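Not measured: the values here are computed from a predicted model.
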Amino acid sequence: MSNAEKGGNGESGGNNQATGWDSLRSPYYTEETPDTSVFDDPVADGIEFTSSNAQTTPDVPDFSVFDAPSTDASTFSGSDDMSWYDGSFIELDSQWKAEVAEEKRKDEERAMAERLDELEAVRKKNAFDFELLADAAGGNLKYLYDSCTDEQRQRLQASVDLVFAPVSVAMNDTNSTKRIESLHCFQEAVSTYLKEKAHGAISDEVENKITKFMQGAMDTLSEKYPDDGEIRIGNNETQESDSNLGKDVRVKADTLSNAILAAVVDGNAEAIGAVTDTVELLKSSLGDSIERGDETKSSIWMNYCSVHGADKGRANAFLENVVAAIDAGDPEVDCLIKKSNSYSSRLDTFGIADFTTHMLVSQINPTNIQELLLAQREIPTSDYAAFEQNRKDACELCHAIIRRRDFIHDELPGVHELLAAMLKFYDTKDDAEAHQKANEELHRIYERKTEQDAAFYDASDSIFDLGNYEKITERKGRSIDEGSGIYEPAVEALRRLVENTDPKTLEKPETGDQELDSMINGMLLKTNEVTGEAYVDFRQVGGITKRMNEILKEHMGESGMHSSMLKSIAFVERVATFALRGVTEKDRHELLFDPNFKEMCRFAELTSQSREYSESDFEGFWSKVQRVKNFDDVNEINTRFQMLAHRRLSQLRDLPHKTKFLRREAGALWSGNLNHEIIGLVDARKY
């Protein structure tokens, strides 16, 4: 049958039918005219079906489901109306559809069960369990766990459950493995807390502060990064909020770890808030990035606090002085910005970085001034350029004279003393008597150092071998890892180290005060290079001391001190010491009535006592000292000096209880300094 015969009007019918199916075209449809002969009616074309050919002819499917309500030619009169089409091409068997749906449901249940098992495995793995934490952390915490009794372990687990309850709740409530793993970053803080708790270093008050911090942290994180409760397994399903929460948790965990150490150092719960609140403020509004260096402001603050503790006063001073100096590009804080091992490795010592921070955050008062004076005299250098050169020269020596450079790199106490003794040992090699004395002195100093810090001073017999001092070594270039191409005997690096680790307290400073600078530059100062003793004019020193006292009284109670001021105080302390050291018995007899001596005693009280300086108290005491009835009575004069010595000792007695550093340096409070000379005036001078 031809198309014309089937359609009545072949041309018209064909066009209408094609147009009617237009909206159901396959994406592979082409405009070519299809071969429609396969749809021709075999009977109409004269083909008769028999049983034989029926067996070889495939079953013809029932296309009635595609029939339109009407096949009248008028239906295809050119209209595109498809309202009769219900969208179904085939009617599936209902039982088969039910079986498919059931299998699909079971697959989904199995997949969900697997996801839940994985979620619970992650949750269990990251649970805050003391034993699991100890195994994961290893080291000291693992040793601590193994050495604890069952009762001690139970108490520690109870403490962990108390402090980290807010975190545990958050871990149980979330269905995101990324969030659970991120919250477990508090493990570092847990480890720090457990070690200090086990050693009894954390009080109930500190523990309460830590608990409060944890609750506040979780409240903040929940509000900032809301959890929709959807199950998300692995990194592939991580949402942006999950990742951001992880970054925030790491910061908070690091902050809490350092805050715990600060609280232990100070024994003060206030340190927790002083550290955490300051870090939060730095990160939220004051800017925490430093474009010209590696360290951030918050890391500088935490590095300092973990060694020296924290309180609100020092936190405010850090924001006012250190942050301002960093933002201004002040070279005084270069040692803070650059990443290096410039912080103290022990709680009772100073490195260049924490010394600089301590200087800028300490309140100006007699106790803090005395601590800074002793620290400045002890650290090898407070100058960053010299510090960097010392690191390079230490590496150069490490290939020749010494085996370990840690005592130089970590700026341990007495570095200059040991290095100077080594240089003297070498320089006296041609003088048998002097060399023998230098050899004995070097052995004495080295043995004392190894008793204190054996791990840092592993030099063995190498420093006593003169041949090692003459080994040719390559100088370091821009860093300790680069060579310069310049070769020299190792002793030349030693000479630079001795020069750069000398405190140089007699070097005239630039104070920034025009009047004081003028007096210092015009003073007579002669130094004996061999003995280190200095000759000064008593009256000139008195005038300088008086002006320094006026500056100190003006700034007493303020926060922070710049290096120029501290160097000025140290210089005045040294020249005043030498001024009194040269006093004769005749001079001693008249000292109590000398205004220059009075200023030196006032300076001592302004810079070294456990209490606040009181002008009225000092003046009242001094009026009593000068009430001498018989000027020619030696005993009465001696009594007045005994009164003065007693006052000085009573003011110094409590200083070692103020800080761990002052406790270690207790002997230096009245040894070889101005205090020593004032107290020593009780004895008659024999010349």
Side-chain angles (χ1 to χ4, degrees), residues 313-314 316-317 320-322 324-325 328 330 332 355-356 358-377 382 503-525 534 536-580 594-619 621-622 648 651 655 673-675 677-678:
R314 280 181 282 176
N316 291 334
E320 293 173 7
N321 301 331
V322 179
D330 191 334
E332 186 168 15
F355 172 76
T356 300
H358 195 63
M359 180 174 59
L360 291 169
V361 302
S362 295
Q363 186 187 62
I364 300 176
N365 61 46
T367 297
N368 291 337
I369 291 174
Q370 182 62 201
E371 183 178 51
L372 288 167
L373 286 173
L374 292 177
Q376 186 183 49
R377 192 167 68 179
S382 59
K504 300 182 181 67
T505 53
L506 283 175
E507 192 175 85
K508 291 183 177 181
E510 291 290 333
T511 69
D513 181 84
Q514 188 173 358
E515 181 181 352
L516 184 56
D517 283 339
S518 177
M519 287 191 288
I520 290 176
N521 291 330
M523 76 173 292
L524 175 65
L525 176 61
V536 295
D537 182 271
F538 193 88
R539 284 174 296 184
Q540 283 184 319
V541 172
I544 290 171
T545 306
K546 180 180 179 181
R547 179 56 190 153
M548 188 76 250
N549 289 341
E550 292 170 353
I551 295 173
L552 285 172
K553 286 188 289 184
E554 179 184 351
H555 295 285
M556 196 63 64
E558 294 179 2
S559 66
M561 184 186 307
H562 286 276
S563 58
S564 58
M565 184 177 185
L566 184 61
K567 288 178 181 177
S568 303
I569 296 172
F571 176 80
V572 173
E573 194 277 335
R574 294 309 294 156
V575 295
T577 299
F578 286 116
L580 284 182
D594 189 324
N596 295 307
F597 177 64
K598 178 182 178 181
E599 292 302 325
M600 293 177 195
C601 291
R602 190 197 310 273
F603 176 82
E605 295 199 8
L606 280 163
T607 59
S608 57
Q609 64 167 305
S610 58
R611 298 181 290 272
E612 298 294 328
Y613 171 77
S614 171
E615 181 76 0
S616 60
D617 183 59
F618 176 78
E619 290 292 345
F621 169 77
W622 203 257
R648 273 280 71 205
Q651 291 175 331
L655 269 175
N673 56 10
L674 180 59
N675 290 324
E677 298 302 328
I678 292 174

Which residues share a side chain to side chain donor-acceptor pair (under 3.5 Å) with [X], sequence neighbours left out:
{"X": "Ser518", "value": "none"}
{"X": "Asn316", "value": "none"}
{"X": "Gln376", "value": "none"}
{"X": "Gln540", "value": "none"}

message = With side-chain contact (heavy atoms from CB on, under 4.5 Å) as the criterion, how do Thr511 and Phe571 come out once you've worked through the C-alpha distance, each side chain's angles and the decisive distance to 0.1 Å?
response = CA-CA 10 Å; Thr511 69; Phe571 176 80; over 6 Å; no
task = Write out all pairs satisfying salt bridge (charged side-chain N to carboxylate O under 4.0 Å, His left out) with one or both partners inside residues 508-517, taking only residues at least two apart or from two chains.
result = Asp513-Arg547, Glu515-Arg547
key: salt bridge (charged side-chain N to carboxylate O under 4.0 Å, His left out) pairs, two or more places apart, involving residues 596-611   =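 Every pair satisfying salt bridge (charged side-chain N to carboxylate O under 4.0 Å, His left out) with a residue in residues 596-611: Lys598-Glu619, Glu599-Arg602, Arg602-Glu615, Arg602-Glu619, Glu605-Arg647.
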inquiry  = What verdict does the side-chain contact (heavy atoms from CB on, under 4.5 Å) test give for Tyr613 and Asn549, after you've listed the backbone C-alpha separation in whole Å, the side-chain angles of each residue and the deciding distance to 0.1 Å?
reply    = CA-CA 11 Å; Tyr613 171 77; Asn549 289 341; over 6 Å; no
query = By ring-ring contact (aromatic ring centres under 6.0 Å, His included), which residues pair with Phe355, not counting sequence neighbours?
reply =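 ring-ring contact (aromatic ring centres under 6.0 Å, His included) list for Phe355, sorted by chain: empty.
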inquiry  = Run the ring-ring contact (aromatic ring centres under 6.0 Å, His included) test against Phe621 and tell me which residues pass, sequence neighbours left out.
reply    = none
Are [X] and [Y] packed together at the side-chain level, in the sense that at least one heavy-atom pair is separated by less than 4.5 angstrom?
{"X": "Glu677", "Y": "Met600", "value": "no"}
{"X": "Val572", "Y": "Val541", "value": "no"}
{"X": "Asn596", "Y": "Thr545", "value": "no"}
{"X": "Leu606", "Y": "Met548", "value": "no"}
{"X": "Met523", "Y": "Asp537", "value": "no"}

task = List the steps and the verdict of side-chain contact (heavy atoms from CB on, under 4.5 Å) for Lys546 and Met519.
result = CA-CA 11 Å; Lys546 180 180 179 181; Met519 287 191 288; over 6 Å; no
Would you give the length of the straight line joining atom [atom1] of [X] to atom [atom2] of [Y], rounded to the nearest 0.5 angstrom?
{"X": "Gln363", "Y": "Glu612", "atom1": "CD", "atom2": "CD", "result": "6.0 Å"}
{"X": "Asn675", "Y": "Ser608", "atom1": "CG", "atom2": "OG", "result": "4.0 Å"}
{"X": "Ile551", "Y": "Leu516", "atom1": "CD1", "atom2": "CG", "result": "5.0 Å"}
{"X": "Asn368", "Y": "Met561", "atom1": "CG", "atom2": "CE", "result": "7.5 Å"}
{"X": "Phe603", "Y": "Ile369", "atom1": "CZ", "atom2": "CD1", "result": "8.0 Å"}

ask   = Among all residues two or more places apart in sequence or in another chain, which pass the side chain to side chain contact (heavy atoms under 4.5 Å, CB included) test with Thr367?
value =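 Testing Thr367 for side chain to side chain contact (heavy atoms under 4.5 Å, CB included), a comparison that skips the adjacent residues, returns Asn365, Leu655, Lys658, Leu662.
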ask   = Closest approach of Ile364 and Gly560, non-hydrogen atoms and distance?
value = CD1-O, 3.5 Å
query = For Phe538 and Ala579, which heavy atoms make the closest approach, and how far apart are they?
reply =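 Closest pair (atom of Phe538, atom of Ala579, distance): CD1-O, 3.7 Å.
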request  = Assess whether side-chain contact (heavy atoms from CB on, under 4.5 Å) is satisfied between Ile569 and Leu552, documenting all intermediate values.
outcome  = CA-CA 9 Å; Ile569 296 172; Leu552 285 172; 3.7 Å; yes
note = Contacts of Arg377 meeting salt bridge (charged side-chain N to carboxylate O under 4.0 Å, His left out) (sequence neighbours excluded), chain-then-number -> none
Any residue meeting salt bridge (charged side-chain N to carboxylate O under 4.0 Å, His left out) with Arg648, in chain and number order, not counting sequence neighbours = none
request  = Can you tell me which residue pairs pass the side chain to side chain donor-acceptor pair (under 3.5 Å) test with a partner in residues 567-578, sequence neighbours excluded?
outcome  = Glu573-Thr577
query = So, the side chain of Asn321 versus the backbone of Leu360: is there a donor-acceptor pair under 3.5 Å, distance only?
reply = yes
